Trainee: 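My structure is below; once you've seen it, I'll send some questions.
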2 protein chains.
Amino acid sequence: MSCLVTAPADAPEIVALLARLRGLAPLTEEEAERVAGLARLPARETAARQELRAEGQSAPPLLLLAGWACRVHILPDGRRQIISFLLPGDIIGRGRPSLAELCSINSLTRLRHVDASSLVTGGEETPLARALRALELQEVAQLRDQVVRLGRQMAHERMAGLLLEFEARLTAAGLASGGCFAMPLTQEVLADALGLSVVHLNRTLQQMRREGLIALKGRVVTLKQTAALRSIADWQPPPRLAG
Amino acid sequence: MSCLVTAPADAPEIVALLARLRGLAPLTEEEAERVAGLARLPARETAARQELRAEGQSAPPLLLLAGWACRVHILPDGRRQIISFLLPGDIIGRGRPSLAELCSINSLTRLRHVDASSLVTGGEETPLARALRALELQEVAQLRDQVVRLGRQMAHERMAGLLLEFEARLTAAGLASGGCFAMPLTQEVLADALGLSVVHLNRTLQQMRREGLIALKGRVVTLKQTAALRSIADWQPPPRLAG
DNA sequence: CGCGTTATTGAGGCCGGTCAAACCATGTGG
DNA sequence: CCACATGGTTTGACCGGCCTCAATAACGCG
């Protein structure tokens, strides 16, 4: 087992997760190894547009290795609201009732994920447990931002805020650099997240492109004027409240 | 000390809190006594319209005995979004970073509260800890509902949903019965919570009165057609996910 | 009673919704 | 290699829910 400690976990997703967790709490060697061990677990795949978990349904925690998913709520008449997004490197569920159990979770693209049960231990106050709690807290902070966006911001402000959130999260996951990243979402999904119609979202996006705030080629976004976007969206990087 | 166990904690707020917690997890005698003990602590008061806590600021947990407060976010140009409400019987903060640290907390009325540090212990997996976690989870569920309201519902649907949430929470706190309760909020506060202008909120409220869905005298609300309201708002009572 | 806050009402305008069609990329099977 | 189907993007025209501005009525309180 000790030989495994020194063996680098070369899967880039795991490396990124490890870096992210270490930024939240100083993991012990044993814990770091536990995280690295996820790389050797069999990865599962889920197709796009599948219901990964129904609302209220309990299931073991998952580490998302690749692909995007979302928490979603559908109104009886078909209106759809995306509550939040799940990106590579995110952990879904905590082994006990949490945000994961409160909404249905749908895959937006093809997903790759592994069981992350090995990360959640009992109630001991370990560094890893603190890091995971901090991760959970970041999700709640995203929810708060989402409320502000939907409640009091204009279309372009909402879009700016969401893009900045994506950039920050993907950068933390090692999937963005220089404000440039892949965003495998249709405009309909963006509209359902931002509480807008597809048509208006489209026009908003075009306006922002015209103003040189962002660039969009295929599914690759580039934030061209991060400072301006931040000011538009009143967005600031998530606090580092380790718990 | 054993004599205190049998002595009833006669403060009605504490009785309600105890009932609420017991509904979430079967407390031990010692824990019930710990909760009841809060009644003998000195209560503090805070005037209306005060910033109880600034965003990011850490502080000991509080049990709200009387009065209403809210988490709020103000945009640079003055637009205000109320994230969620804090009602009597709610616990603010958990002794470690939580939702409480993520937003500024403001009193909406005069408040009465006591320090609730005695409730939060270490990381042990006790029934009380589980009940408190379930309480925390309910707050997150309210956040989710708020996102759906603001993102995809019309003004009257939002209002219906919020009123149903108030009724459920106040009933749990022993402050509502028969769909009737005191709601010490100005229409401006309601508007800032629901992402509407005061003017439109006012008209929405009147429309709902005219339709016989609710009644409003002074600051007392009566839900006249709960079933209809539920259907309008797509609202359902919070799940009893004990953690 | 007088003043500040809150509630209500009216008029007009804009942001964003809806409907509908055209355009485009991708992929599939003949 | 093309005809066609499919899902996504883009446009245009029109509409309506909600906002803003502004003024008036109704409280509530010292």
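Chain naming here is simple, since letters A, B, ... match the order of the sequence lines and numbering starts at 1 in each. Worth saying up front: this structure is predicted, and the values here are computed from it rather than measured.
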Trainee: Taking only the side-chain nitrogens and oxygens of R79(B), find out if one of them lies under 4.0 Å from OP1 or OP2 of dC19(D).
Mentor: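 Answer is no, no contact under 4.0 Å.
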
Trainee: So which one's nearest nucleotide on DNA chain C is more toward 5', S197(A) or L185(B)?
Mentor: L185(B)

Trainee: Please report the distance, rounded to the nearest Å, between CE in M159(A) and P in dC15(C).
Mentor: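 Distance check: M159(A) CE to dC15(C) P gives 19 Å.
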
Trainee: Are R152(A) and dC18(D) close enough that a side-chain N or O sits under 4.0 Å from OP1 or OP2?
Mentor: no

Trainee: Choosing from dC19(D), dA7(C), dT9(D), which nucleotide comes nearest the side chain of L196(B)?
Mentor: dC19(D)

Trainee: Could you tell me whether the phosphate oxygens of dT11(D), OP1 or OP2, come under 4.0 Å of any side-chain nitrogen or oxygen in Q206(A)?
Mentor: yes

Trainee: Rounded to whole Å, please give me the gap between CD in Q187(A) and P in dT9(D).
Mentor: 4 Å

Trainee: Please examine the side chains of F166(B) and V221(B), heavy atoms only from C-beta on, and report whether any two atoms are closer than 4.5 Å.
Mentor: no

Trainee: Tell me whether the OP1 or OP2 atom of dA13(D) has a side-chain N or O from R203(A) closer than 4.0 Å.
Mentor: no

Trainee: What integer distance in Å separates L216(B):CG from dT6(C):C1'?
Mentor: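 That distance rounds to 13 Å.
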
Trainee: Using a cut-off of 4.0 Å on non-hydrogen atoms, how would the nucleic acid contact of G195(A) be classed: base, sugar-phosphate, or nothing?
Mentor: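 Contact class for G195(A): sugar-phosphate only.
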
Trainee: Can you tell whether the side chains of E139(B) and R71(B) come within less than 4.0 Å, N to carboxylate O?
Mentor: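 Salt bridge: yes.
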
Trainee: From NE2 of H200(B) over to C1' of dC19(D), roughly how many Å is that when rounded to an integer?
Mentor: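 Whole-Å distance recorded here is 9 Å.
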
Trainee: So what does V199(A) hit on the nucleic acid, given a heavy-atom distance under 4.0 Å: a base, only sugar-phosphate, or nothing?
Mentor: base

Trainee: Salt bridge check: are D115(A) and R44(A) linked by an N-O gap of less than 4.0 Å?
Mentor: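 Looking at R44(A) together with D115(A), the answer is no, because their closest N to O distance does not fall below 4.0 Å.
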
Trainee: Could you tell me how far apart E188(B) (CD) and dT8(C) (P) are, to the nearest whole angstrom?
Mentor: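 Distance check: E188(B) CD to dT8(C) P gives 14 Å.
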
Trainee: Return the value, rounded to whole Å, for the distance between atom CG of L194(A) and atom P of dG16(C).
Mentor: 11 Å

Trainee: Applying side chain to side chain contact (heavy atoms under 4.5 Å, CB included) between I83(B) and each of L143(B), V72(B), L99(B), report the one that passes.
Mentor: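 Output: one option passes, namely L143(B).
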
Trainee: Any side-chain heavy atom of E101(A) within less than 4.5 Å of one from E55(A)?
Mentor: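 They are not in side-chain contact.
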
Trainee: Without decimals, in angstroms, what is the distance between L108(B) CG and dT6(C) P?
Mentor: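 So the CG-P distance, L108(B) to dT6(C), works out to 11 Å.
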
Trainee: Tell me whether the OP1 or OP2 atom of dT10(D) has a side-chain N or O from N202(A) closer than 4.0 Å.
Mentor: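 True: N202(A) side-chain N/O within range (under 4.0 Å) of dT10(D) OP1/OP2.
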
Trainee: For the pair made of CE in M208(B) and P in dT8(C), what is the distance, rounded to whole Å?
Mentor: 14 Å

Trainee: Please tell me if R209(A) has a side-chain N or O lying less than 4.0 Å from either OP1 or OP2 of dT10(D).
Mentor: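 The answer is yes; a side-chain N or O of R209(A) sits under 4.0 Å from OP1 or OP2.
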
Trainee: Determine the contact category for R158(A): base if any of its heavy atoms lies under 4.0 Å from a base atom, sugar-phosphate if only primed atoms, P, OP1 or OP2 are that close, otherwise nothing.
Mentor: nothing

